[in-house]
Amino acid sequence: MSDNTYTPPRVWKWEPGNGGKFANINRPTAGATHDKALPVGKHPLQLYSLATPNGVKVTVMLEELLEKGISGAEYDAHLIQIGEGDQFSSGFVEVNPNSKIPALMDHSTAPPQRVFESGAILLYLAEKFDAFLPSDPSARTECLSWLFWQMGSAPMLGGGFGHFYAYAPESYQYPIDRYTMEVKRQLDVLDRHLAENRFMAGDAYTIADMAIHPWYGALVKNRVYEAAEFLEAHTYKNVIRWTEEIDERPAVKRGRMVNRTWGEPHEQLHERHDASDFELRTQDKQ
């Protein structure tokens, strides 16, 4: 434990820049900071995103729908550079007043329908296209329970563990211990469940898997925070088995590339407007 103890003031004051690596993407007020319209492509579904785990959930879902032959799921994916404040443009705030990626506009409806929050987008697309959501009431409920488990649990992983372990300007034992304990508990929840189930909702791959895999699969495979050794990720054998099976799905491989701006150039597709873009427009082709 540190000998330095912080005593909160009577009234908190915001100090811009306080918060480490990603301080500039957060502020204590909502709303737009500048006027800028969002681009609109040729398809009814317009996605505005970045390939963070939350963004990957939706691009994987769209690619899985297309893999099933559902042509109505064709989409344009526009890059939102959160480090540059694109999420605070007037156009983006109109789609998501919370200024977080991903955000979706469905122009096939009249008027066009906005959808924000990654879990809501997964559920919207599953219901729209009748796919990856069980029709049996019991199985559907199990799927939605795990979907909402992820929505409630991942902030402890990302904003908690990930921030204090990997991104905070200074390291302190207490928050790292606190969130490490919780993340390991979450991994144990998953590992015990996946010991008896192929996928999160049983034998069928669903939106619950699409929601959880980009976070916890990436964690055990050391794709986020470089913390696999610290967390002893290799001990969660059922999570690793599940992760490796999902990793091999063609739609998952494509979905992880969309709106990606880091890593190997051939794995980056900054924007996606056509299926041919995976062959023609990755960064190694630029």
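Remember, it's a predicted structure, so these values are computed and weren't measured experimentally.
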Heavy atoms only: give me the nearest Gln81-Leu79 pair and the separation to one decimal.
NE2-CD2, 3.5 Å

Can you check side-chain contact (heavy atoms from CB on, under 4.5 Å) on Ser89 and Asp35, steps first, answer last?
CA-CA 6 Å; Ser89 72; Asp35 289 328; over 6 Å; no

Would Val93 end up clustered with Ile82 when hydrophobic side chains under 4.5 Å apart are linked, directly or stepwise?
no

Quick one: closest heavy-atom pair of Gly255 and Thr59, and the distance?
O-OG1, 2.7 Å

Classify the side-chain pair Gln268/His270 by whether it contains a donor and acceptor separated by less than 3.5 Å.
yes

Using the ring of each side chain (for Trp, its six-membered ring), is Tyr48 parallel, tilted or perpendicular to His78, with breaks at 30° and 60°?
parallel

If the condition is side-chain contact (heavy atoms from CB on, under 4.5 Å), which residues does Pro137 pass it with, not counting sequence neighbours?
none

CA sep, side-chain torsions, deciding dist, call: Val115, Gln113, side-chain contact (heavy atoms from CB on, under 4.5 Å)
CA-CA 7 Å; Val115 196; Gln113 178 66 55; 4.2 Å; yes

For a quick test of reading the model, state the closest non-hydrogen atom pair linking Ala131 to Ile70 and the distance between them.
CB-CD1, 4.2 Å

Taking every non-hydrogen atom, the tightest pair across Leu133 and Leu123
CD2-CD1, 3.8 Å

Applying side-chain contact (heavy atoms from CB on, under 4.5 Å), run through Glu267 and Thr282 and close with a yes or a no.
CA-CA 7 Å; Glu267 296 177 339; Thr282 52; over 6 Å; no

Is Arg185 close to Val189 at the side-chain level, that is, under 4.5 Å between some pair of heavy atoms?
yes

Note, Leu38 side chain near Ile80 side chain (heavy atom, < 4.5 Å):
yes

Look at atom CZ of Phe148 and say whether more than 12 heavy atoms of other residues, nucleotides or ligands are closer to it than 6.0 Å.
no

Who passes ring-ring contact (aromatic ring centres under 6.0 Å, His included) against Tyr179, sequence neighbours left out?
Phe164

If you look only at pairs with a residue in residues 152-173, which of them pass as a salt bridge (Lys or Arg N to Asp or Glu O under 4.0 Å), with sequence neighbours excluded?
none

Asp247: which of Arg223, Arg241, Lys253, Lys221 passes salt bridge (Lys or Arg N to Asp or Glu O under 4.0 Å)
Arg223

Under a 4.5 Å cut-off applied to non-hydrogen side-chain atoms, are Glu15 and Lys13 in contact?
no

Keeping the roles fixed (side chain from Asn98, backbone from Lys100), state whether a donor-acceptor pair exists under 3.5 Å.
no

Kindly work out whether a path of hydrophobic side-chain contacts (I/L/V/M/F/W/Y, heavy atoms less than 4.5 Å apart) joins Leu47 to Tyr124.
yes

So which pairs with a foot in residues 57-72 pass salt bridge (Lys or Arg N to Asp or Glu O under 4.0 Å), sequence neighbours left out?
Glu63-Arg254, Glu63-Arg272, Glu64-Arg249, Glu67-Arg254

Listed by chain and number, what are the side-chain hydrogen bond (donor to acceptor under 3.5 Å, both in side chains) partners of Ser276, not counting sequence neighbours?
Asp274

Would one find more than 12 heavy atoms of other residues, nucleotides or ligands at under 6.0 Å from atom CG of Asp284?
yes

Do the side chains of Arg27 and Trp14 get nearer than 4.5 Å, heavy atoms only?
yes

Ring pair (Phe, Tyr, Trp, His ring centres under 6.0 Å) evaluation trace for Tyr216 with Trp149
CA-CA 12 Å; Tyr216 296 88; Trp149 176 89; 5.4 Å; yes

Which salt bridge (Lys or Arg N to Asp or Glu O under 4.0 Å) pairs, counting each pair once, include a residue from residues 204-214, with sequence neighbours left out?
none

Taking Gln46 for its side chain and Leu104 for its backbone only, find out whether a donor-acceptor pair lies under 3.5 Å.
no

Decide yes or no for Val40 and His107: does some side-chain heavy atom of the first lie under 4.5 Å from some side-chain heavy atom of the second?
yes

Over 60° means perpendicular and under 30° means parallel, so tell me whether Tyr165 and Phe161 are parallel, tilted or perpendicular.
parallel

Check whether any side-chain N or O of His273 sits under 3.5 Å from a backbone N or O of Gly41 as a donor-acceptor pair, and report yes or no.
no

Derivation of the side-chain contact (heavy atoms from CB on, under 4.5 Å) call for Tyr205 and Val252:
CA-CA 12 Å; Tyr205 173 73; Val252 171; 3.6 Å; yes

What I'd like to find out is whether the side chain of Leu125 reaches to under 4.5 Å of the side chain of Ile121, using heavy atoms alone.
yes

Between Asp106 and Lys128, does any side-chain N to carboxylate O distance fall below 4.0 Å?
yes

Only counting residues at least two apart or in another chain, list the ones meeting ring-ring contact (aromatic ring centres under 6.0 Å, His included) with Phe92.
none

Main-chain N/O of Ala228 paired with Asn222 side-chain donor or acceptor, under 3.5 Å:
yes

Any side-chain heavy atom of Tyr75 sitting closer than 4.5 Å to one from Pro44?
no

Heavy-atom neighbours of Arg114 CZ exceed 12 at 6.0 Å:
yes

Sequence neighbours left out, cut at 3.5 Å: what donor-acceptor pairs do the side chains of residues 195-203 make with other protein atoms?
from   : atom 1 : to     : atom 2 : distance (Å)
Asn197 : ND2    : His193 : O      : 2.9
Asn197 : ND2    : His193 : ND1    : 3.4
Arg198 : NE     : Glu245 : OE2    : 2.8
Arg198 : NH2    : Glu245 : OE2    : 2.4

Hydrophobic clustering (ILVMFWY, side-chain heavy atoms < 4.5 Å, transitive) - are Trp262 and Leu269 grouped together?
yes

Set of ring-ring contact (aromatic ring centres under 6.0 Å, His included) partners for Tyr236, sequence neighbours left out:
none

Just to verify, what does Glu229 make a side-chain hydrogen bond (donor to acceptor under 3.5 Å, both in side chains) with, not counting sequence neighbours?
none

Nearest non-hydrogen partners of Ala103 and Asn96, listed with the distance
CB-CB, 4.1 Å

Applying side-chain hydrogen bond (donor to acceptor under 3.5 Å, both in side chains), name anything that partners Thr109, two or more places apart in sequence or on another chain.
none

Enumerate the salt bridge (Lys or Arg N to Asp or Glu O under 4.0 Å) contacts for residues 134-157, please, sequence neighbours excluded, ordered by first and then second residue.
Glu127-Arg140

Between Asp76 and Lys42 (side chain of the first, backbone of the second, donor and acceptor by atom type, cut-off under 3.5 Å), is there such a pair?
yes

Between Ala211 and Leu147 the two heavy atoms that sit nearest each other are CB-CD1, 3.6 Å

Determine whether Leu50 and Tyr167 fall in the same hydrophobic cluster, where Ile, Leu, Val, Met, Phe, Trp and Tyr are linked whenever their side-chain heavy atoms lie under 4.5 Å apart.
yes

Enclosure of Gln286 CD (heavy-atom neighbours >12, cutoff 6.0 Å)
yes

If two hydrophobic side chains count as joined below 4.5 Å and joins carry through other members, does Tyr225 share a cluster with Met156?
yes

Quick one: are His266 and Gln283 in side-chain contact, heavy atoms under 4.5 Å?
no

